[in-house]
Every structure is written in structure tokens, then in C-alpha cells.
Amino acid sequence: MTVALAEIQAFMATDFPQSGVTIESVGYLTAQLRQVVDDRHIRPGNTISGPTMMALADCALYVALLGEYGLIPLAVTTNLNINFLNKPPAGFDIIAKCRLLKTGKRLAVGDVELYSEGRPELIAHVTATYAIPPDKNVP
């Protein structure tokens, strides 16, 4: 099952308005999101906070799942690992590029690459596992 971008955007706006991210695209096993960075996301040292990057990555994985499984509000993160690779400078949005590596009946595994907008170096790499609710009819 694939869900259209507009459906996912509407679902996230209604059910998760606190996410504060922009969904730029959803494709086959993929999603790309943007976190517009403002003063709330900056930590000492004039860089983006780790929790901001972790939340964006988690949301990107969830959106990719919605694109594949349908609108399943009860899918939950069971594991998330992040490696911070380069210091993201303040003043640049963060871009999350997600791909699902394995989609099963009960678990889905994916990874996310985080970049500062317009810069080629990877700032963080995330791997995560989501649990799919047992009542979800998944092929």
C-alpha cells in the first residue's frame, strides 16, 4: 500500500502538529523531510541540538512508514541509534533523507542521512526500528 504525500501531510498536521517539520517527498520506501531551524534548535556553540536532529530522523522514518503501510498512528519506535558526524552550523535548515531497508509484518528497519541544507557533508547517520501494530493488515 502506498499513501499519497497530501494524505500524509494532512494526517501529520492533524495527529502530530507538534512535529514542526516539512514533508518534502514520499516515495517507494523513502521520504525526505526538512526541519526549518530557528533559535529553539540552537545549542551552545552555535550548532543544532542533538534532540532536534533525533526528532527529525525519527519523524522521517515514521513518514516513510506511513507511505508504505498506510496511516497507522500506533506504529512506534523500538530502537534508534544516531551517530553525529559533523557539526551542523546554525542558520541552515536540516534535511533528512530516509530509506526503509526492511519492511515486515511486525517490524520495519530504516536509516536516515542528515545534512545541512546546501552542504554535501553528512552531519549525522541514524538507524532505527519501528514496531508495526499487530492489527495492521500488512501484505
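Numbering of residues begins at 1 and proceeds along the displayed sequence.
Linking Ile, Leu, Val, Met, Phe, Trp and Tyr residues whenever their side-chain heavy atoms come within less than 4.5 Å leaves Y130 and V109 in two separate clusters. Linking Ile, Leu, Val, Met, Phe, Trp and Tyr residues whenever their side-chain heavy atoms come within less than 4.5 Å leaves F84 and Y115 in two separate clusters. Both V112 and Y28 are part of a single hydrophobic cluster, where members link through side-chain heavy atoms under 4.5 Å apart. Follow the hydrophobic side-chain contacts under 4.5 Å out from V63 and you reach L71 in the same cluster. By the criterion of side-chain heavy atoms lying less than 4.5 angstrom apart, applied directly or through intervening Ile, Leu, Val, Met, Phe, Trp or Tyr residues, M53 is not grouped with F92; the two fall into different hydrophobic clusters.
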| request: With side chain to side chain contact (heavy atoms under 4.5 Å, CB included) as the test, would you mind laying out the steps for L33 and L56 before giving the verdict? | output: CA-CA 8 Å; L33 280 68; L56 175 60; 3.9 Å; yes
| task | Decide yes or no on side chain to side chain contact (heavy atoms under 4.5 Å, CB included) for E7 and L5, but give the supporting numbers first. | result | CA-CA 5 Å; E7 287 179 82; L5 175 61; over 6 Å; no
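Closest of all the heavy-atom pairs between R40 and D38 is NH2-OD2, 2.7 Å. Considering all non-hydrogen atoms of both residues, A60 and A31 come closest at O-CB, 3.9 Å. Residues K87 and N46 approach most closely at CE-O, 4.4 Å, considering heavy atoms. Nearest heavy atom pair, residue G67 against residue V26, reads CA-CG1, 3.9 Å. I132 and G104 make their closest contact through CG1-O, 4.3 Å (heavy atoms, listed as atom of the first residue, atom of the second, distance). Between V37 and D93, the closest heavy-atom pair is N-OD1, 3.2 Å.
R99 and E113 are not joined by a salt bridge, as no carboxylate oxygen comes within less than 4.0 angstrom of a charged side-chain nitrogen.
Within the model, atoms CD of Q35 and CG of L114 stand 10.5 Å from one another, a figure rounded to the nearest 0.5 Å. Rounded to the nearest 0.5 angstrom, I23 CD1 and R34 CZ are separated by 13.5 Å. Rounding to the nearest 0.5 Å gives a distance of 10.5 Å between CE of M12 and OG1 of T14. The distance from atom CG of L100 to atom CG of D111, rounded to the nearest 0.5 Å, is 9.0 Å. Atom CE of M54 sits about 8.5 Å away from atom CG of N81, to the nearest 0.5 Å. With rounding to the nearest 0.5 Å, the separation of OG1 in T129 from CG in L80 is 9.0 Å.
Counting only heavy atoms from C-beta outward, the side chains of F11 and P73 approach each other to under 4.5 Å. L85 places none of its side-chain heavy atoms less than 4.5 Å from the side chain of I123.
Using modelled atom types, no side-chain atom of E68 and backbone atom of T103 make a donor-acceptor pair closer than 3.5 Å. A side-chain donor-acceptor contact under 3.5 Å links S49 to the backbone of T52. The backbone N or O of L122 sits less than 3.5 Å from a side-chain atom of N86, completing a donor-acceptor pair.
Judged by distance alone, the side chains of T77 and D58 do bring a donor and an acceptor atom under 3.5 Å apart.
A search for side chain to side chain contact (heavy atoms under 4.5 Å, CB included) contacts involving Q32 returns E24, S25, I95, K97, not counting sequence neighbours.
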